[in-house]
Amino acid sequence: MLLIHERDPAALVASAYRRIERERMAGLPVHNAALAVESVGFQRWMDHWLGIVVAPWCMSLLLLPGSGGTWISATENERIFHRFPAGDFAFLGGEEAEIGEYQSCALFSPMSQFASQSDAVLTAHAAL
């Protein structure tokens, strides 16, 4: 389902990832208990929303539709490439009830190298 986000979707992203944590990730070996779900730095990028989600099991760059006219859909787990100043990055299509269609690019997984939330968030800001 394609939801066009006219406003910053950071709170919706955090809500979706908190649900994923409760329903699918809690108690798994990749879950770093020192970390919590947090949306970081969402901003407009080429008509859409780009930001990072920090979660106890991953850190991913997310792209969510901000315009139906320029959004290119990717089915779940389909790769699509986006060009950034640092090069081309592969994103995978996904969908969650709270945010609809989105694309994600894994930056870290698992998150065992992060001792604290502040370390993970600082890394997310640096990645952006």
Side-chain angles (χ1 to χ4, degrees):
M1 125 185 87
L2 183 63
L3 297 176
I4 304 302
H5 299 276
E6 294 178 11
R7 292 181 172 77
D8 182 351
L12 296 172
V13 168
S15 176
Y17 272 76
R18 284 187 194 105
R19 180 185 49 76
I20 292 166
E21 179 178 24
R22 283 190 315 273
E23 294 177 358
R24 301 182 222 163
M25 303 306 293
L28 293 180
V30 296
H31 191 276
N32 181 343
L35 302 178
V37 170
E38 186 172 339
S39 294
V40 178
F42 275 84
Q43 58 193 298
R44 284 291 196 166
W45 179 77
M46 297 186 71
D47 294 333
H48 304 298
W49 291 96
L50 182 71
I52 291 181
V53 64
V54 170
W57 64 94
C58 71
M59 182 185 303
S60 296
L61 189 59
L62 297 186
L63 186 62
L64 286 85
S67 166
T70 59
W71 179 254
I72 299 170
S73 291
T75 59
E76 190 151 346
N77 293 320
E78 176 186 357
R79 282 192 334 171
I80 188 168
F81 288 87
H82 294 285
R83 176 159 288 161
F84 293 93
D88 292 343
F89 289 80
F91 284 70
L92 293 176
E95 186 173 326
E96 294 296 336
E98 298 88 342
I99 57 177
E101 230 179 87
Y102 69 98
Q103 296 170 12
S104 66
C105 175
L107 301 176
F108 294 94
S109 183
M111 297 289 281
S112 55
Q113 66 269 41
F114 296 101
S116 70
Q117 185 75 14
S118 61
D119 289 345
V121 170
L122 284 171
T123 300
H125 281 292
L128 284 171

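Quick caveat, the model's predicted, so the values are computed rather than measured.
With hydrogens and angles disregarded, no donor-acceptor distance shorter than 3.5 Å links the side chain of Glu76 to the backbone of Glu95. With Trp49 contributing its side chain and His5 its backbone, the two residues share a donor-acceptor pair below 3.5 Å. In this structure, Ser67 contributes its side chain and Gly69 its backbone to a donor-acceptor pair below 3.5 Å. With hydrogens and angles ignored, the 3.5 Å screen pairs no side-chain donor or acceptor of Glu21 with any backbone N or O of Ala55. A donor-acceptor pair is defined here as one N or O able to donate and one able to accept, closer than 3.5 Å; such a pair exists between the side chain of Ser109 and the backbone of Trp57. In this structure, Ser15 contributes its side chain and Ala11 its backbone to no donor-acceptor pair below 3.5 Å. Judged by distance alone, with hydrogens and angles left aside, the side-chain atoms of Gln103 form a donor-acceptor pair with the main-chain N or O of Ile72 at under 3.5 Å. At distances below 3.5 Å, at least one donor-acceptor pair connects side-chain atoms of Asn32 with backbone N or O atoms of Met111.
Within 6.0 Å of the CD atom in Gln113, the count of heavy atoms belonging to other residues, nucleotides or ligands exceeds 12. Within 6.0 Å of CG in Leu128 there are more than 12 heavy atoms belonging to other residues, nucleotides or ligands. Counting non-hydrogen atoms of other residues, nucleotides and ligands closer than 6.0 Å to CZ of Arg44 gives a total above 12. Atom CZ of Arg83 has 12 or fewer heavy atoms from other residues, nucleotides or ligands within 6.0 Å.
The two atoms that bring Leu3 and Ile99 nearest to each other are CD1-C, 3.7 Å, heavy atoms only. Between Ala115 and Ala34, the shortest heavy-atom contact is O-CB, 3.6 Å. Contact record, Leu92 with Asn77: CD2-O, 3.5 Å, taken as the closest heavy-atom pair. For the residue pair His31 and Pro56, the shortest heavy atom distance occurs at NE2-CB, 3.5 Å.
Under the 4.5 Å side-chain heavy-atom criterion for Ile, Leu, Val, Met, Phe, Trp and Tyr, Leu64 and Trp45 are members of distinct hydrophobic clusters.
Taking the side chain as every heavy atom from C-beta outward, Leu12 and Phe42 never approach each other to under 4.5 Å.
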